[in-house]
Amino acid sequence: MSEGLATRASFCPGPVVYASPALPVSRMSQLRLLPSRLGAQATRILTPHNVQMFSWHSRSSGPPATFPSSKGGGSSSYMEEMYFAWLENPQSVHKSWDSFFRKASEEGSCVPAQPLLSFLVPESRPAVSSRTKTSKLVEDHLAVQSLIRAYQIRGHHVAQLDPLGILDADLDSFVPSDLITTIDKLAFYDLREADLDKEFRLPMTTFIGGSEHTLSLREIIRRLESTYCQHIGLEFMFINDVEQCQWIRQKFETPGVMRFSSEEKRTLLARLVRSMRFEDFLARKWSSEKRFGLEGCEVMIPALKTIIDKSSEMGIENVILGMPHRGRLNVLANVIRKDLEQIFCQFDPKLEAADEGSGDVKYHLGMYHERINRVTNRNIALSLVASPSHLEAVDPVVQGKTKAEQFYRGDAQGKKVMSILVHGDAAFAGQGVVYETFHLSDLPSYTTNGTVHVVVNNQIGFTTDPRMARSSPYPTDVARVVNAPIFHVNADDPEAVIYVCSVAAEWRNTFNKDVVVDLVCYRRRGHNEMDEPMFTQPLMYKQIHRQMPVLKKYADKLISEGTVTLQEFEEEIAKYDRICEEAYGKSKDKKILHIKHWLDSPWPGFFNVDGEPKSMTCPATGIPEDVLTHIGDVASSVPLEDFKIHTGLSRILRSRADMTKKRTVDWALAEYMAFGSLLKEGIHVRLSGQDVERGTFSHRHHVLHDQEIDRRTCVPMNHLWPDQAPYTVCNSSLSEYGVLGFELGYAMASPNALVLWEAQFGDFHNTAQCIIDQFISTGQAKWVRHNGIVLLLPHGMEGMGPEHSSARPERFLQMSNDDSDAYPTFTKDFEVNQLYDCNWIVVNCSTPASYFHVLRRQILLPFRKPLIIFTPKSLLRHPEAKSNFDHMLCGTSFQRVIPEDGAAAQAPEQVRRLIFCTGKVYYDLVKERSSQGLEEQVAITRLEQVCWP
């Protein structure tokens with residue numbers, strides 16, 4: 001439904017033209033545009049039983065007149081013909097027209113019957129002389145419906161959202177001309193002050209009447225203002241689903257919906273006390289420390305708890321949160337419920353870390369905790385994902401982890417696991433990864449079935465004013481691209497916030513779609529507690545210094561209405577202060593800081609109780625020949641009957657079958673055998689990226705497409721064994737930053753899965769550099785977080801110019817940890833220990849067998865490390881780049897170094913030069929060596945693994 005539709009009526013959808021010389025020009029143009037703009041969906045809502053109808057209130061008894069549909073397309077002349085035919089003989093028209101004209105005549109009985117349709121008939125008709133009461137009734141009801149719709153679309157522009165009262169949340173002081181902010185604006189609808197006490201029948205697209213079907217114009221305006229122009233601003237009329245729009249209207253327009261019991265108010269007050277007193281306690285104890293406190297938006301804590309409570313009530317068992325640094329400590333303390341002494345001891349600079357690595361600042365850390373939800377008395381698991389300073393980078397990571405948790409639970413509809421993302425206003429509008437993440441929200445292999453987004457809109461970004469930070473009216477406008485409703489709310493009205501959050505949680509769990517809650521608030525201090533905001537925002541901060549805290553405002557309100565007493569309020573404060581003081585005392589006894597206590601994704605049973613690998617050995621990665629043969633047979637067949645594949649693909653499958661018979665594999669078949677063997681062992685495999693189903697270079701073909709039936713596909717990998725683990729291969733959106741972050745989050749959820757992301761070309765990884773630098777390379781050092789994500793980066797100079805050539809291996813080597821003073825101790829577990837000491841593993845394989853083994857080793861290792869693989873392009877079809885089954889059988893394993901095995905190895909005393917190389921260049925060197933006849937003088941050694949400490 002278009003926002004531009006300022007008027008709405010329940011007439012038939014044809015191009016009917018209403019003409020009357022008595023109408024003002026502006027009203028005429030509106031009425032002319034009305035029928036052509038009225039959408040089919042709106043018509044269905046307004047007119048049940050497929051009858052086009054319009055009704056108005058009348059004090060006479062009986063049902064209102066109904067306007068039948070003009071099936072011939074509808075025009076003024078058609079209706080005139082019907083009317084004049086009815087005048088001559090009522091039996092000559094359809095009974096619906098007869099009923100309409102009779103009713104209209106009765107309701108306009110004070111006017112002669114012939115001028116009944118004077119507003120429809122051209123001036124040349126002698127039968128019509130002036131505007132009738134009936135036409136005025138119709139026009140006024142059209143006007144009232146237009147007025148209601150105007151508030152539903154644009155009421156948020158005049159809502160009282162800024163708690164400071166100095167800014168317009170939408171960056172625009174313009175007041176829409178179709179909202180009745182003053183009496184004189186009634187003229188916009190051709191209404192007068194005298195019409196305020198007239199009764200009007202309400203359309204089916206509003207719920208402001210409750211059980212009443214008619215209201216006075218004065219009451220209609222009052223209720224619309226109460227719903228749309230107070231402390232809640234609603235943006236939802238851009239959603240093209242009528243049912244969803246009706247749902248939102250009902251939740252907010254129904255009279256009396258936002259009423260809270262005394263117990264609910266007391267709970268809200270107690271949560272505000274904890275939120276605010278926690279910040280006050282930190283400010284008293286560590287006044288010179290950076291905390292990135294929540295002052296000015298303390299209501300966020302009860303807001304998040306309300307979303308969790310409502311979701312738990314609707315069956316959610318696991319909530320995964322992502323957020324920036326502001327307010328993180330408060331969320332850890334009062335939402336996740338981490339022990340306060342563990343938070344307070346983070347402020348002690350003398351504590352020694354018990355874990356290796358750099359650690360991270362306290363306001364970046366994550367946490368996983370299972371507890372009983374006190375409101376629903378149900379178990380709930382809460383996970384706050386650790387994140388870097390890079391704002392919004394954690395968004396796709398949270399979504400990937402959520403998707404994985406849903407997958408492992410068999411929660412395809414998202415009824416057990418959900419995500420909540422907290423954003424800042426400047427970052428939500430400014431960071432492109434927000435847009436990338438939104439566009440994953442409805443993709444089959446990436447959807448998490450709806451996320452609740454909470455924007456802490458403190459109306460400033462560090463020192464930058466909103467008008468300099470975005471071009472859109474609101475910071476939340478990016479959410480409109482996925483038809484997510486946006487609920488703006490004044491954060492100094494706690495009850496409005498709680499109601500909005502409850503509706504948001506219910507929306508997500510009803511429609512499985514994203515929803516945004518925009519908490520319009522302020523930042524009481526600077527960007528951090530050491531920052532002076534008066535340098536750049538003097539007037540704003542003068543007002544902030546005068547602003548009464550929301551806790552005092554709400555406490556005064558409840559005390560005045562008798563919900564709580566002053567003594568009860570003071571006791572609640574004293575109670576939480578005692579809890580903080582006791583935790584502070586215990587924190588002083590701590591001598592060692594355990595970073596692993598802050599894990600956001602623990603893997604129960606994978607490590608020992610101390611968080612260390614259970615062994616430091618890795619079994620051989622080869623597999624039995626019958627398994628290789630079986631996988632090769634399936635890879636070269638179409639498991640479904642009557643499935644017609646492309647003729648070119650038939651040749652590829654025949655080639656695979658031929659290689660299997662000859663006990664050889666190329667790159668694609670080696671990958672197939674690595675994946676297939678892991679699936680047999682119960683390991684879930686997920687391959688994601690741009691065009692990975694076919695492969696950028698048309699070598700993989702893991703998804704077959706029926707050439708005659710649209711959207712019929714087959715994934716042979718899922719037909720290997722009856723009890724195998726599932727294989728997921730999915731083309732992603734054209735995004736690197738968002739999708740790599742998503743797959744990283746997916747890999748966080750379980751160690752027993754091989755999760756791979758393939759770049760379309762290796763150099764494209766630089767658009768995901770933030771994920772690589774801040775999460776993959778450093779994740780274990782900062783957060784003691786193991787992750788087995790695999791990056792497949794096509795690499796090689798293949799004559800395509802500077803682009804699409806180098807995957808920049810030097811960057812990965814530069815980011816590898818290395819201690820030049822450490823000399824390794826050679827033991828039987830030397831290789832595995834070396835891998836454990838790396839921050840990641842980097843390989844550039846030269847044979848399909850090496851690729852096969854390194855993929856299997858990634859799962860068989862007793863720990864998890866990111867694996868960076870520089871994959872070939874020309875080697876995919878190189879006749880020499882093939883491996884024999886013998887190199888993949890039981891007892892074989894990955895060779896980090898492949899020494900010379902040709903003529904030079906037979907007579908080492910004749911070797912004059914030893915060349916070390918890696919990857920595809922080996923074949924170029926061999927070719928050149930052969931052309932010069934230097935097989936005995938030049939030895940070539942291949943480094944398959946190019947990174948170790």
Side-chain angles (χ1 to χ4, degrees), residues 160 163 207-212 222-223 226-228 230-232 234 247-277 297-316 319 334-335 337 371-380 420 452 454 487 489-510 515 517 519 548-576:
Q160 301 167 32
F207 294 85
I208 58 173
S211 59
E212 301 175 86
R222 188 193 70 79
R223 295 191 184 187
S226 175
T227 299
Y228 293 104
Q230 297 304 307
H231 288 164
I232 298 174
L234 303 175
W247 189 91
I248 294 173
R249 291 184 189 112
Q250 186 172 22
K251 289 295 178 182
F252 288 97
E253 291 184 351
T254 304
V257 289
M258 218 173 75
R259 290 176 184 159
F260 295 87
S261 66
S262 295
E263 187 59 33
E264 289 172 330
K265 292 179 180 180
R266 293 166 72 94
T267 298
L268 173 53
L269 180 65
R271 289 175 170 178
L272 273 176
V273 165
R274 286 176 171 261
S275 177
M276 189 156 189
R277 297 304 289 179
C297 193
E298 293 90 346
V299 76
M300 187 185 84
I301 298 303
L304 292 178
K305 292 178 77 69
T306 298
I307 294 169
I308 293 169
D309 291 346
K310 188 67 177 178
S311 300
S312 174
E313 178 187 314
M314 301 186 76
I316 292 294
V319 178
N334 291 311
V335 178
R337 304 298 290 274
R371 62 178 174 84
I372 297 291
N373 183 284
R374 296 178 181 175
V375 173
T376 62
N377 202 33
R378 295 177 177 175
N379 286 317
I380 189 92
I420 300 174
V452 180
V454 178
F487 305 148
V489 59
N490 187 319
D492 265 15
D493 185 344
E495 291 183 6
V497 170
I498 296 312
Y499 184 74
V500 160
C501 289
S502 178
V503 173
E506 194 173 348
W507 164 276
R508 185 269 168 198
N509 289 290
T510 300
V515 57
V517 176
L519 299 178
M548 181 187 296
V550 64
L551 176 60
K552 178 166 174 50
K553 283 184 181 180
Y554 192 57
D556 289 349
K557 175 180 180 292
L558 297 193
I559 291 170
S560 66
E561 67 184 32
T563 303
V564 297
T565 65
L566 177 60
Q567 180 181 353
E568 289 173 327
F569 173 55
E570 291 175 344
E571 288 175 352
E572 188 68 33
I573 290 177
K575 175 185 172 183
Y576 189 68

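Position 1 is the first residue of the sequence, and the numbers go up from there.
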>> Are Leu558 and Leu268 packed together at the side-chain level, in the sense that at least one heavy-atom pair is separated by less than 4.5 angstrom?
In response: no
>> With a 4.5 Å cut-off on side-chain heavy atoms, are Ile380 and Ile372 touching?
In response: no
> Less than 4.5 Å apart, any side-chain heavy atom of Thr510 and any of Met314?
Replying inline: yes
>> Between the side chains of Asp556 and Lys552, is the shortest nitrogen-to-carboxylate-oxygen separation below 4.0 Å, so that they form an ion pair?
In response: yes
> Between OG1 of Thr306 and CZ of Arg271, what distance do you get to the nearest 0.5 Å?
Replying inline: 5.5 Å
What pairs of donor and acceptor atoms, side-chain ones from residues 495-505 against any protein atom, are under 3.5 angstrom apart with sequence neighbours left out?
| from | atom 1 | to | atom 2 | distance (Å) |
| --- | --- | --- | --- | --- |
| Glu495 | OE2 | Tyr554 | OH | 2.9 |
| Glu495 | OE2 | Lys557 | NZ | 3.2 |
| Tyr499 | OH | Lys251 | O | 2.4 |

> Does the Arg378 side chain pair with the main chain of Glu313, one donor and one acceptor, at a distance under 3.5 Å?
Replying inline: yes
> In Å and rounded to the nearest 0.5 Å, what is the CD to CD distance from Gln230 to Gln160?
Replying inline: 5.0 Å
> Quick one: CG on Asp309 to CG on Leu304, what's the gap to the nearest 0.5 Å?
Replying inline: 10.5 Å
> Do you know the tightest heavy-atom contact between Asp492 and Lys553?
Replying inline: OD2-NZ, 2.7 Å
>> What's the separation between atom CD1 in Ile208 and atom OG1 in Thr227, rounded to the nearest 0.5 Å?
In response: 7.5 Å
>> So which atom in Leu272 and which in Val299 form the shortest heavy-atom distance, rounded to 0.1 Å?
In response: CD2-CA, 4.0 Å
>> Please give me the minimum heavy-atom distance between Ser311 and Asn509, naming the atom from each residue.
In response: OG-ND2, 3.5 Å
>> Do Trp247 and Glu506 make a side-chain contact, defined as non-hydrogen atoms from C-beta onward lying under 4.5 Å apart?
In response: yes
> Does any non-hydrogen side-chain atom of Lys305 lie less than 4.5 Å from one of Thr267?
Replying inline: no
> Closest heavy-atom contact between Ile301 and Ser275?
Replying inline: CG1-OG, 3.3 Å
>> Between Val564 and Ile559, is the side-chain contact (heavy atoms from CB on, under 4.5 Å) condition met? List the steps.
In response: CA-CA 5 Å; Val564 297; Ile559 291 170; 3.9 Å; yes
>> Please give me the minimum heavy-atom distance between Arg274 and Asn334, naming the atom from each residue.
In response: O-ND2, 3.4 Å
> Atom CG of Leu551 and atom CD of Glu572: how far apart are they, to the nearest 0.5 Å?
Replying inline: 10.0 Å
>> Are more than 12 heavy atoms, taken from residues, nucleotides or ligands other than Arg337, located less than 6.0 Å from that residue's CZ atom?
In response: yes
>> Nearest 0.5 angstrom please: Asn379 CG to Arg371 CZ, how far?
In response: 10.5 Å
> Is a side-chain donor or acceptor of Ser226 paired with a backbone partner of Arg222 at a separation under 3.5 angstrom?
Replying inline: no
> Restricting to pairs with a member in residues 256-265, which pass salt bridge (Lys or Arg N to Asp or Glu O under 4.0 Å), not counting sequence neighbours?
Replying inline: Lys265-Glu561
>> Using the ring pair (Phe, Tyr, Trp, His ring centres under 6.0 Å) criterion, which residues pair with Tyr228? Sequence neighbours excluded.
In response: none
> Any idea which heavy atoms bring Ile232 and Met258 closest together, and the distance?
Replying inline: CD1-SD, 3.8 Å
